[in-house]
2 protein chains.
Amino acid sequence: MKIDPNSSKDLSAQIAQAIKEAIIAGQLPVDERLPSEAELSEQFDVSRPTVREALKRLAAQSLIRTQRGATGGAFVNRLSFEDAYAQQITTSTLLLSMNAVSFETACEARYALERACAQLSSQRREADHLATMRAEIHRQSQPGLSDEAFCASDVAFHRALVDGAGNPVLSYQLAGAVEAMQPSMNMITFSARSRSEIIALHTRIADAIEAHAPDKADAALAELQTYTVKLANDVIAARATKP
Amino acid sequence: MKIDPNSSKDLSAQIAQAIKEAIIAGQLPVDERLPSEAELSEQFDVSRPTVREALKRLAAQSLIRTQRGATGGAFVNRLSFEDAYAQQITTSTLLLSMNAVSFETACEARYALERACAQLSSQRREADHLATMRAEIHRQSQPGLSDEAFCASDVAFHRALVDGAGNPVLSYQLAGAVEAMQPSMNMITFSARSRSEIIALHTRIADAIEAHAPDKADAALAELQTYTVKLANDVIAARATKP
DNA sequence: GACTTTTAATTGTCATACAATTAAAAATAA
DNA sequence: TTATTTTTAATTGTATGACAATTAAAAGTC
C-alpha cells in the first residue's frame with residue numbers, strides 16, 4: 001500500500017482509499033487488526049492526526065471499528081446488513097431530497113421493487129411475516145392514530161412484505177427505497193376516507209400473500225401505487241392553490 | 001446543535017452526527033458553507049483536530065466537500081447519483097463478500113429487480129438504450145474477447161436495460177446489485193458454448209424490449225437467471241472435486 | 001489460588017505551529 | 001484609467017508533542 005505525497009488529493013483521503021481497497025480485495029480479512037496509529041504514521045510517513053483522519057473516514061463507512069486500551073486498535077468490521085440499511089437509507093433520503101426527484105418517480109421505483117418482492121413473498125412467506133402484516137393492518141385501523149404513526153405502521157407493513165421474500169439482499173435494497181420516502185409520505189395528511197382505502201388494499205395484499213397468489217398481490221400493489229400517487233398529487237395541488 | 005461531552009461516543013462522531021442530522025433535516029441547504037474549522041471548534045468547545053475528524057467523517061459520506069484558500073471551507077455537497085452509485089456499489093460488494101451471501105441469493109435479488117425494470121423498459125426504452133444493448137451484444141460475440149471484458153460488456157448491457165426504464169432511482173438501486181456481483185461473475189469461466197447461450201438470451205431480451213413485449217423480456221430474463229446460477233454451480237462443483 | 005495493584009499499550013483529545021492554497025485587496029506599471 | 005503584479009489575510013492541510021482515558025495483561029499481595 002503506497003501513497004503519493006504529490007497527489008492533488010489529501011493524504012488522509014489517499015490512505016483511507018488504500019486501506020479501503022485492501023479490505024475490498026480481501027487482503028485484510030474481517031476482524032483483522034490494523035497496525036496502530038503510530039505504526040501507520042511510520043509506514044505512510046505522515047503524522048498521527050493525518051492517519052487518524054483517514055481512519056475516521058473508514059469508520060464513517062463502517063469499514064472499521066476502533067477500540068481503546070492495551071489490546072485495542074482499529075479492526076476490519078464485518079459490514080452487517082443493519083449497518084448497510086442505515087447507510088442505504090440516508091443515501092437514498094438525501095438523493096431524493098437534493099435532486100428534485102418527483103414523488104411519482106420515487107414511488108414508481110419503490111413499487112417496482114416491491115412488486116418484485118411480492119412475487120417471491122407469495123411463494124415463501126412464513127407465518128410470522130403474515131402475522132406482522134395483519135397486526136400492522138389492525139394498528140392502522142385504530143381511530144386515534146396520528147398520521148406519523150400511521151406512516152410508521154405503513155412502513156412496517158411493507159417491510160414485512162419484503163422480508164417475506166426471504167432474501168436479505170432484496171430487503172436491504174428495498175429498505176432504502178421505502179424509508180427514504182418517509183419524509184414525503186409524512187407530508188400527506190391521511191383522511192379517514194383514504195386510510196380505509198389503504199387498509200382495504202393492505203388487506204387484499206395480505207390475503208393474496210397468504211393464498212400464494214402472486215398475481216393478486218401484484219394487482220393490489222399496482223392499485224396502491226396509483227392511489228398513493230393520486231393522494232400526493234392532491235396535496236401538491238392543494239398547496240399550489242392555497243399556499 | 002449540541003453535543004454531550006460525557007457520552008460514550010467520540011466527540012468527533014457526535015459532531016459529525018449533529019451536522020449530518022442538520023443536513024438531512026434541510027437546515028443546511030446544498031452549497032451552504034459551514035463555519036470554519038476554527039469557528040466550529042469554538043462552537044462545540046473542542047479542539048480543531050477533533051472538528052477535522054468530524055468533517056472527514058462527513059466527507060467520506062460525500063455529505064460535504066472542502067476547499068482551501070481564502071474563500072474556502074466546508075460546503076454542503078449535493079449528493080449526486082454518481083456519488084450514490086459508488087457508495088452503493090462498495091456497500092453491496094462488501095455485504096456480499098463478508099456475509100457469505102450465496103451466489104443464488106444475490107442472483108435472485110438482482111434478477112428480481114432487473115425484471116421489474118424490464119417491465120418499464122419495454123414501455124419506455126428509447127433508441128439509444130436499444131442501440132447500446134445491440135452494441136454490447138455485438139461486442140460479446142467477438143471471438144478474442146477476454147472473460148473480464150465479456151463480464152464488463154455484460155454489465156453494460158444490463159445497465160442499458162435498466163436505464164431504459166427511465167427512472168434514475170431504479171438505476172441507482174440496481175447499480176449496486178449488478179456491479180456487486182462482478183467479483184463472483186469474474187470467477188466464472190465463460191466457454192464458447194455458454195457465451196453463445198448468453199448472447200442468444202441477450203438478443204431475445206433486446207428483441208422483446210424493442211417490440212414492447214414485457215412478458216417476453218421477463219421470460220428471457222428468468223431463463224438467463226436460471227442459466228447463470230447453473231453456470232456458477234458448475235464452477236463450484238468443479239472446484240469441490242478438483243481443488 | 002483468588003484478589004488487588006501496577007504497568008504498558010492504545011486510542012481520544014488538546015494546544016500550537018507552520019505549510020499550502022486561494023481569492024481579494026493593494027500596489028505598481030502601462 | 002486599465003492591466004498586471006505583489007501583498008495580504010483567511011482557510012484548510014499537516015506536523016509535533018503532550019496528556020487523558022481506557023483496557024488487558026503482568027506483577028504483586030493476601
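Letters A, B, ... mirror the listed sequences (proteins, then strands); counts begin at 1.
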**Request:** From the options D:dT14, C:dT11, D:dT11, select the nucleotide whose nearest atom is closest to the side chain of B:Arg48.
**Result:** D:dT14
**Asked** Rounded to the Å, how far apart are A:Glu37 CD and D:dA20 C1'?
**Response** 14 Å
**Asked** Quick one: which of D:dT14, C:dA9, D:dA9 gets closest to the side chain of A:Ala70?
**Response** C:dA9
**Message:** At 4.0 Å (heavy atoms only), tell me whether A:Lys56 reaches a base, stays on the sugar-phosphate, or touches nothing.
**Reply:** sugar-phosphate
**Asked** Pick the nucleotide of DNA chain D nearest each of B:Leu55 and A:Asp45; which residue has the one closer to the 5' end?
**Response** B:Leu55
**Request:** Please tell me which of the listed nucleotides, D:dT14, C:dA24, C:dG12, lies nearest to the side chain of B:Thr71?
**Result:** C:dA24
**Request:** Please say which of B:Glu37, B:Glu42, B:Glu53 ends up in a salt bridge (charged side-chain N to carboxylate O under 4.0 Å, His left out) with B:Arg48.
**Result:** B:Glu37
**Message:** In whole Å, I'd like the distance from the CZ atom of B:Arg68 to the P atom of C:dC18.
**Reply:** 17 Å
**Item:** Donor-acceptor contact present, side-chain A:Glu114 to main-chain A:Val162, <3.5 Å
**Value:** no
**Prompt:** Whole Å only: how far is the CD atom of A:Glu42 from the P atom of D:dA15?
**Reply:** 13 Å
**Request:** Measure from CG on B:Leu11 to P on C:dT13 and round the result to the nearest Å.
**Result:** 4 Å
**Item:** Closest to the A:Glu53 side chain, choosing from D:dT16, D:dT14, C:dG12
**Value:** D:dT14
**Complete:** Atom CD of B:Gln67 and atom P of D:dT11 are separated, to the nearest Å, by 13 Å
**Item:** Whole-Å distance separating the CG atom of A:Asp10 from the P atom of C:dA20
**Value:** 15 Å
**Message:** Taking A:Leu63's backbone N and O only, do any of them form a donor-acceptor pair with A:Asn77's side chain (distance below 3.5 Å, no angle check)?
**Reply:** no
**Prompt:** Quick one: does NZ or CZ of A:Arg110 land under 6.0 Å from the six-membered ring centre of A:Phe103, within 45 degrees of the ring axis?
**Reply:** no
**Request:** Using whole Å, report how far CD1 of A:Ile3 lies from C1' of D:dG13.
**Result:** 13 Å
**Complete:** Atom CZ of A:Phe75 and atom P of D:dT23 are separated, to the nearest Å, by 13 Å
**Item:** C:dG12 OP1/OP2 closer than 4.0 Å to side-chain N/O of A:Thr66
**Value:** yes
**Complete:** Of the listed D:dT22, D:dG13, C:dA15, the closest approach to the B:Ser47 side chain comes from C:dA15
**Prompt:** Closest heavy-atom contact between B:Gln14 and B:Asp4?
**Reply:** OE1-N, 2.9 Å
**Asked** What nucleic acid atoms does A:Arg33 come within less than 4.0 Å of, heavy atoms only: base, sugar-phosphate, or nothing?
**Response** sugar-phosphate
**Prompt:** Of the candidate nucleotides C:dT13, D:dT11, D:dT14, which contains the atom at the shortest distance from the side chain of B:Arg52?
**Reply:** D:dT14
